[in-house]
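Here's the structure we're looking at; comments come further down.
For ligands, and for the atoms within them, numbers begin at 1 and follow the listed sequence. Below, all heavy atoms of this structure are taken into account, side chains as well, without hydrogens, waters or symmetry copies.
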Amino acid sequence: MAAARTVLLTGSNRGIGLELVKQLLSSPRPPAWIFATCRDPEGTRAQELRDLASKHPNLVLVKLDVANPSAIRDAAKVVEGKLNGMGLNLLINNAGIYTPTATLETANAEDMLSTYKTNAVGPMLMAQAFLPLLKKAAQDSKEKGLSCSKAAIINISTILGSIKKTPDSFFKPVISYRCSKADLTVDTSVRGLLSVLTILSEKHSGTLLNWEGKAIPW
Ligand SMILES: NC(=O)c1ccc[n+]([C@@H]2O[C@H](COP(=O)([O-])OP(=O)(O)OC[C@H]3O[C@@H](n4cnc5c(N)ncnc54)[C@H](OP(=O)(O)O)[C@@H]3O)[C@@H](O)[C@H]2O)c1
């Protein structure tokens, strides 16, 4: 399968997002454009991203807070201008927030709302704002069926979002969950994630997959 020529990621200044940028840049066929978005491209947290951009002309930093609808619309305009008539093949909704201390006793409305705004509403507004560019990529592609090299939206989720798996994660102490995650490095996780992207097609639409491409029940 061909590689995506134009890719946009959210939350790309650190963690999995930054590693995705690095591995996409060093892939055998790097995208023609990688739009690495983050909340503060000028700030200290984006230094590594800026260093990469200074070495890779195909890497474009775009300011984007996914919890801010007008910032999403502004970013879509910037990306459209840069693409100059091309479409967007791949939108990766990676930005997310996680409050490890939130238990039933301590969770509050403010935390619930801000988490939903970033993790659930943000990806929906991103999909909406970038849909015209994704449609353009799909129309311009000669590929049949769905694929990440044609036009796709990938939402980075978590096994903690699986209702069926809730007993596995809910009753275990959080500490063991953290320790078990320590076995999987960001590098390994992103390598797996990028190889899963290459095999996705219609049959995967709407599914929840892990980093190895194995289905997780909703
Ligand atoms: N790490 C894991 O083991 C794991 C496991 C399963 C799923 N995931 C998922 O993978 C994704 C990335 O996780 P991670 O571990 O790389 O997290 P991370 O290291 O905490 O990084 C989160 C990224 O999201 C950005 N972000 C947060 N709120 C944002 C907003 N409103 N607008 C734009 N960007 C925002 C952060 O930017 P700032 O620097 O500005 O805060 C940062 O770049 C998340 O969706 C997470 O749920 C992670």
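Leu200 and Phe130 are members of different hydrophobic clusters when ILVMFWY side chains are connected at heavy-atom separations under 4.5 Å. Cluster annotation: Ile34 is connected to Leu18 through the hydrophobic network of ILVMFWY side chains, with a link wherever side-chain heavy atoms come within less than 4.5 Å.
The ligand atoms of ligand 1 that sit less than 4.0 angstrom from a heavy atom of Ile156 are 9 (C), 10 (O), 11 (C), 45 (O). In the vicinity of Arg45, heavy-atom distances shorter than 4.0 Å reach the ligand 1 atoms 38 (P), 39 (O), 40 (O), 41 (O). Close contacts between ligand 1 and Asn13 involve ligand atoms 37 (O), 38 (P), 39 (O), 42 (C), 43 (O) [criterion: under 4.0 Å to a heavy atom].
Ligand 1 has an N or O atom lying under 3.5 Å from an N or O atom of Arg14, backbone or side chain. At least one N or O atom of Arg39 sits closer than 3.5 Å to an N or O atom of ligand 1. In terms of polar-atom proximity, Val66 is counted as a contact of ligand 1, with an N or O under 3.5 Å from an N or O of the ligand.
Only the side chain of Ile97 comes within contact range of ligand 1, with a heavy atom under 4.0 Å; no backbone atom does. Contact annotation for Cys38 and ligand 1: no heavy atom of the residue comes within less than 4.0 Å of the ligand. The backbone of Leu64, and not its side chain, has at least one atom closer than 4.0 Å to an atom of ligand 1 (non-hydrogen atoms only; backbone = N, CA, C, O).
Not a single heavy atom of Asp40 sits under 4.0 Å from any atom of ligand 1. Using a non-hydrogen distance threshold of 4.0 Å, Thr10 does not register as a contact of ligand 1. Residue contacts with ligand 1 leave out Thr37, since none of its heavy atoms falls under 4.0 Å from the ligand.
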Please list, one pair per line, the donor and acceptor atoms closer than 3.5 Å that link side chains of residues 56-69 to other protein atoms, with sequence neighbours excluded.
| unit_1 | atom_1 | unit_2 | atom_2 | d |
| --- | --- | --- | --- | --- |
| Asn58 | ND2 | Pro31 | O | 2.9 |
| Lys63 | NZ | Arg39 | O | 3.1 |
| Asp65 | OD1 | Ala67 | N | 2.8 |
| Asn68 | OD1 | Ser70 | N | 3.1 |
| Asn68 | OD1 | Ser70 | OG | 3.0 |
| Asn68 | OD1 | Ala71 | N | 3.2 |

Using the rule given for side chain to side chain contact (heavy atoms under 4.5 Å, CB included), can you reason through Ile156 versus Leu193, listing the C-alpha separation, both sets of side-chain angles and the distance that settles it, and then say yes or no? CA-CA 9 Å; Ile156 305 293; Leu193 204 156; 3.9 Å; yes

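Using a distance-only test at 3.5 Å, with no hydrogens or angles considered, a donor-acceptor pair links the side chain of Thr198 to the main chain of Ser195.
Comment: Arg191 engages Asp187 in a salt bridge, judged by a side-chain N to carboxylate O separation of less than 4.0 angstrom.
Relative to atom 31 (N) of ligand 1, the option among Thr158, Asn68, Asp65 with the closest non-hydrogen atom is Asp65. Of the candidates Gly122, Ser114, Gly17, Gly96, Gly96 brings a heavy atom nearest to atom 22 (C) of ligand 1.
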